[in-house]
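Below is one structure, written out as structure tokens; the observations come after it.
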Protein chains: 2
Amino acid sequence: MKSQTKIHSSLRTIEWKNNTVIMIDQTKLPNKLVYVKYTNYEDVANAIRTLVVRGAPAIGVSGAFGLALAALQSKAKSKENIIKDLEKAKKILFETRPTAVNLIWGLDKIMNVAKKGKDVSDIKESMIQTAKKMAEDDIQTNMIMGKHGAKLFNNNDTIMTHCNAGALATVGYGTALGVIRATKESGKMIKVIATETRPVMQGSRLTAFELKHDGIDVSLIPDTAVGYAMTNGLVTKVIVGADRILRTGHVYNKIGTYQVATMAKQHKIPFYVAAPLSTFDLKSNSEDVIIEQRKASEVTGIAGKKTAPDDINVINPAFDMTPPELITGIITEAGVAKPPFEESIKKLFKSRL
Amino acid sequence: MKSQTKIHSSLRTIEWKNNTVIMIDQTKLPNKLVYVKYTNYEDVANAIRTLVVRGAPAIGVSGAFGLALAALQSKAKSKENIIKDLEKAKKILFETRPTAVNLIWGLDKIMNVAKKGKDVSDIKESMIQTAKKMAEDDIQTNMIMGKHGAKLFNNNDTIMTHCNAGALATVGYGTALGVIRATKESGKMIKVIATETRPVMQGSRLTAFELKHDGIDVSLIPDTAVGYAMTNGLVTKVIVGADRILRTGHVYNKIGTYQVATMAKQHKIPFYVAAPLSTFDLKSNSEDVIIEQRKASEVTGIAGKKTAPDDINVINPAFDMTPPELITGIITEAGVAKPPFEESIKKLFKSRL
């Protein structure tokens, strides 16, 4: 497939190959690019638990891959017995990240396939095929999104991005970084400015790493230099991912996104969001969304190195909310929603019915 | 003196006491508050070189203190010979931070006092008195600035500040943090939100430390959470220091100030700058000001811990420029300048003639 050749040079976060699960060990990034291979589900469970793999879509597919390995490991001769083995494995896999909605989604999806299987051999085969398809679907969604998004970017654009909405948060290719990859693949010359994204530094550790790996021109800036970069004409477009998008176009994403969007508006720089339709929450209102606070130690130090006094009060919100009036367009696999978002988002979903 | 009692609880960065120079060892902050004592100028030179003391006003006075110690150390019996000893010491002190304008200012000022001395004993005495007065003047300027500024803040204000414009950058009391101290001393209940200020983390390491030390309620946030804090009503005022202010009211300050000011404007939060008149550059235009780039390693790691891939491009500007339309007022020891700044700044300087 042409599309698979294209992404070959890009990072593949998780992959199923010869009955083996291959993952990038993200705990070793950005210092070393190490691939790990797993042939049993307990190791996959451990990998999820210890953050070898992270990012919602990547975790969902990892769970499915783990359960497919459990099927291969099972010595059961009857459907009843293999399902018992799978239920046990599912429980162990689920308990690695019990609050990650994508994990239980991935596990349930492949467990249902198992339950529909005729016999042990059919179950094993259909689980493997489904798991592989889930991974491919994730990449395909990102690539289609990339094609829609690439049309919005021009030759010689310098694109600012925040956090990591990249291959490393998905099975491969990425959402916001997928659009950047697709823009480059369409033959346009582009450069990227990545914010380091305190406190967890996904911009330095992951985005800078994966773009450099793909040969995309990337410069890293501290989060404090967003305004400087825009005032000095170093940025022509902005693109970010999203953790949740409301029907009104309110976008919840990594802390800091809102101020990048405000600065972009101030400098008349288009601000885009790239996210699959699965990111949309069409029911909630912005008053209903609770922004979780993360632990203080993320702000009082970096990688074990203390940078603040003992027992200091810390405010460390995981996300912030970017209001629709700051957003130029929301790029999805069904097309690009533009203001007014309430209408355009409705249309995108209708087109999928 | 009443004013000295007041600051007694606040940090004193450098002090002359019983022919000894006492400094806070800032390389040990925020983990330990250690005072070091020096009785010879070579040790003061070494302290400046190794960043035991930093911050423009603090370095200027440290140089003067160092030269006063050199006078005490001198065994010369004639004016001619003590001046020779002092010239040698001045050279060694100067070479510790040759680009710091305040250092040469402090050294020249006290050297001129020495040259005017009648004899060895008079030289020693007048140098010590001048050095002590330079330190007191720095604190007095900050305290007067604090009194002017305190009137602009209300009971129950929560004040955001960026970087460290505090006691630790001056001899004591501080500029922006001096205004915060004065507001508290005037009996108003206030809270402070300090941004950590990547890349060099002066907010976490110094501001959070010195406010906590003085018993002022301070919370630390990552630089990415400025917008979140403002949207959520956690901030009622902002105050920052300045590295340079033009006659037009353009303010050059630590990288990130401009976006804090933009976010404040967006949320209708008053944004103040506190700086002594010596910070004003009445000659330059904003086109003339060159913003220096600092080394990449500040952004690719923290305290020796690597957080980004090898050989990544980095944009690491030291300062940014906040335009006058984002500034509510500029607090100086001569009063508060308000828009239009070109007029009000001129008036402040005239009042000093």
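Within every chain, numbering begins at 1; the chains are lettered A, B, ... in the order of the sequence lines, protein sequences first and strands thereafter.
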What pair of heavy atoms forms the shortest contact from A/Tyr228 to B/Phe319, and how long is it? CD1-O, 3.8 Å
Side chain, backbone, both or neither: which part of B/Leu29 has a heavy atom under 4.5 Å from chain A? neither
Greatest number of heavy atom pairs closer than 4.5 Å to chain A - which of B/Ile291, B/Asn31, B/Thr307: B/Thr307
Looking only at B/Glu298, B/Met321, B/Gln259, most heavy-atom pairs under 4.5 Å shared with chain A are made by B/Gln259
Below 4.5 Å from any heavy atom of chain A, which atoms of B/Thr231 appear? Answer side chain, backbone, both or neither. side chain
Using every non-hydrogen atom in the two residues, find where B/Ala308 and A/Leu220 come nearest and quote the distance to one decimal. CB-CD2, 3.7 Å
Compare all side-chain heavy atoms of B/Thr224 with those of A/His162 and state whether any distance is below 4.5 angstrom. yes
Only pairs of heavy atoms separated by less than 4.5 Å count here; which of B/Pro199, B/Pro317, B/Gly227, B/Gly301 has the most with chain A? B/Pro317
Close side-chain approach of A/Met263 to B/Gln266, heavy-atom, < 4.5 Å: no
Among B/Met230, B/Lys306, B/Lys265, B/Lys254, who wins on heavy-atom pairs under 4.5 Å with chain A? B/Lys306
For A/Asp217, is it the side chain, the backbone, both, or neither that has a heavy atom closer than 4.5 Å to a heavy atom of chain B? side chain
Top contributor to chain A interface from B/Asn316, B/Ile193, B/Asn232, B/Asp311 [non-hydrogen pairs under 4.5 Å]: B/Asp311
Who among B/Pro222, B/Ala229, B/Ala296 has the most heavy-atom pairs with chain A under 4.5 Å? B/Pro222
For A/Lys188, is the NZ atom crowded, meaning more than 12 foreign heavy atoms sit under 6.0 Å from it? yes
Among A/Leu211, A/Ile315, A/Leu234, A/Asp223, which residue forms the greatest number of heavy-atom pairs with chain B at distances under 4.5 Å? A/Ile315
Heavy-atom pairs under 4.5 Å with chain B - which of A/Ile302, A/Asp320, A/Leu206, A/Thr195 has more of them than the others? A/Ile302
Give the intermediate values and the outcome of side chain to side chain contact (heavy atoms under 4.5 Å, CB included) for residues A/Lys212 and B/Asn313. CA-CA 10 Å; A/Lys212 189 163 187 277; B/Asn313 300 329; over 6 Å; no
Based on non-hydrogen pairs under 4.5 Å, which of A/Thr207, A/Thr257, A/Val226, A/Thr197 is most in contact with chain B? A/Val226
If you count heavy-atom pairs under 4.5 Å with chain B, which of A/Val260, A/Thr300, A/Thr262 comes out on top? A/Thr262
When you compare the side chain of B/Phe209 with that of A/Ile312, does any pair of heavy atoms fall below 4.5 Å? no
Working to the nearest 0.5 angstrom, can you tell me the gap between B/Arg198 CZ and A/Glu196 CD? 4.0 Å
